[in-house]
2 protein chains.
Amino acid sequence: MDDVAAHAGVSRALVSLVMRDSPRVSDHSRKKVLASANELGYRPNAWARNLASGQTNTIGVMLNDLHNPYFTELAEGVAATAAENGMEVLITSGWQRESGEHAAIDTLLNLRTDGIVIGAARFSGEVFDEVAQQLPAVAVANFQRPDSMDTVCNDEAHGAELVVEHLTSLGHDRIAHIDAGNAPGAPERRRGFMSAMSERGLAPIVFEGDFNEHAGRDAAEQLMRLKQPPTAIFAANDLSATGVLAHLRSIDARVPEDVAVVGYDDTLLAGLGTLSLTTVHQPRQLFGQRATELLLERIKGRTAAKHELIQPRLVVRSSTGPAPT
Amino acid sequence: MDDVAAHAGVSRALVSLVMRDSPRVSDHSRKKVLASANELGYRPNAWARNLASGQTNTIGVMLNDLHNPYFTELAEGVAATAAENGMEVLITSGWQRESGEHAAIDTLLNLRTDGIVIGAARFSGEVFDEVAQQLPAVAVANFQRPDSMDTVCNDEAHGAELVVEHLTSLGHDRIAHIDAGNAPGAPERRRGFMSAMSERGLAPIVFEGDFNEHAGRDAAEQLMRLKQPPTAIFAANDLSATGVLAHLRSIDARVPEDVAVVGYDDTLLAGLGTLSLTTVHQPRQLFGQRATELLLERIKGRTAAKHELIQPRLVVRSSTGPAPT
DNA sequence: CAGAAAATGTAGAGCGCTCTATACACGCGC
DNA sequence: GCGCGTGTATAGAGCGCTCTACATTTTCTG
């Protein structure tokens, strides 16, 4: 910076003002400085800048798992909203290990970004509290709702209810749900399914499963061996639904004529022509947007915790149809 | 840091040594300082540390697109190798826009991370040169091979050759390739296919396509309307192959008895029981590992550019079988 | 055309750390 | 008792920037 100042024949302070786009600089000086900077290949040092200014203009995003589209779309929403507000985004990932998550959050805390978005749920409540105590933070898709930070969640239960509503309106009454045990989000989906069914006076059939294809296939096999097999199967997620479809195809059951199948998440899979799966869509980018907005409020000084619930919507494709009569 | 020093009754320099795990500190002092730091909730400020030390102990990873598993697995490989070497990883994404890529790389350059891994290919050669001039850098999956930085590429052509070899060994001789125009990697796959075919004295059939399901379906439709339809179809990637499968199913052609189908990339899709696609697997984590290793060499002072080619391997599943006689 | 207000530029004290040089204490051999 | 090496601790000068307070110049106003 000193070199640029000398080259342009001005003070270091002026160069600093130019680099920060201050309006307090005349056009003439600005051009002169910019030209010198360009000529010398000068680029402000972020570490020095942030140290001196005490702020980073950066939002840290800590993701549990980069492979999961859920989190990457969340990050995309954060990035878009951050960009609108002139902030940058730095991402760290826990690579699916809890130790990794701790390292990732530590990196961000050491960096003292202006705020942190946490897209992961493996931490215990105390960790959330500890993080929140150090920096403005908001957790996404975390069902613990720590009161020390804001949260943004999808209304899983409502998604399940939408499915039940859709299927019953098509005349289905023997509806089975293949769940995913205690995996994140699964208990909420199960509860939503069960209460939506009982509200309609229907007996909820729940089979144990998981968030993968194999589990879907196994559960479907058991379900179709029942004396009265269900006319509709609501799988834990799209992948699990894929397993269900595979089994149904193997026993020559027609979809949706004999059995209707519903997934959850609206992943790439669901949209494939071969599967064309009715599923529940979550506006995942919106999660990132709301999270960032809440974070910006926090950065500006709000302290009371806010908890938001985002509503999913049903995407009807050709894996569901009227119940067989 | 001053507070911790005062609390522990030592100098600031000693606290600094303790925080950096220096061996030059007695056990007694170390414990005392650590206890004080813990009590006061002290956490070293990364900005100040990096500014003063002139190094960041951090590798920056710039990805074109976080949604693409290709890049996220690359990043995972980088993270793993970086961790082994005691370095941290910070990720920025270009969100599929060129302007985004520039912002992402600028963030990293301003941060002056110890090195940069670039997992994106939209830049012009000059941008690569400019980046390489400022920081040690390595580009992955970039087919331009700028001589200013190291590169790690997958040997796409070889992957295509593996496919041809597999199919011809099964007796296929009318093999069609659905390509993906000039999308990254596609020209290399096409060239590999064509040369492998001609080497074996076979006429390469190439149809225009893209890296998506729709293109695969359209091309398959045209291919199967030929007077002599191919007995094997090698799609541009798994997604495109999914489209091929969908069309074949719609015209009741059996896979692999009537037509063999091969994808590329070995994504989640290929492994699904319903599709069970023979495909080409790329060791994507290995890319990240090699990239990081090259980068560490650069950081240590190597200046001559290295270009590595990583070999893919064929994963045979049930979408390929002996050619119909 | 004086005087105030606005516009523009500058000096210099930090920001929170690292790192070189140096100090001090201790035990060793001669 | 001296010099020496070894193990620990410290002082203090930066790292490259920002920001407050102030200086200087230009413009506006009656």
Expected string for nucleotides 13-18 of chain C under the B/S/- scheme (protein heavy atoms, under 4.0 Å, primed atoms plus P, OP1, OP2 as sugar-phosphate) is BBBBBB
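- Rounding to the nearest 0.5 Å places CG of B/L111 at 7.5 Å from OG1 of B/T58.
- The nucleotide whose nearest atom lies closest to any side-chain atom of B/S29 is, among D/dA9, C/dT8, C/dT10, D/dA9.
- Dashed line: the shortest gap from a side-chain N or O of B/S26 to OP1 or OP2 of D/dA9 is under 4.0 Å.
- For an aromatic pair to be called close, the ring centres must be under 6.0 Å apart, and B/F123 with B/H102 satisfies this.
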Would A/L66 and A/W95 satisfy side chain to side chain contact (heavy atoms under 4.5 Å, CB included), going step by step from the backbone distance to the final call?
CA-CA 7 Å; A/L66 229 48; A/W95 308 113; 3.6 Å; yes
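- Rounded to a whole Å, the NZ atom of A/K31 is 16 Å from the C1' atom of C/dT8.
- Computed from coordinates, the B/L14 CG to D/dG12 C1' distance equals 16 Å when rounded to whole Å.
- B/D114 CG to B/I299 CD1: the interatomic distance, rounded to the nearest 0.5 Å, is 5.0 Å.
- Among A/D155, A/N154, A/D266, the single residue meeting the side chain to side chain donor-acceptor pair (under 3.5 Å) criterion with A/Q282 is A/N154.
- The salt bridge (charged side-chain N to carboxylate O under 4.0 Å, His left out) pairs that include a residue from residues 34-54 of chain A are A/R43-B/D106, where partners are two or more places apart or lie in different chains.
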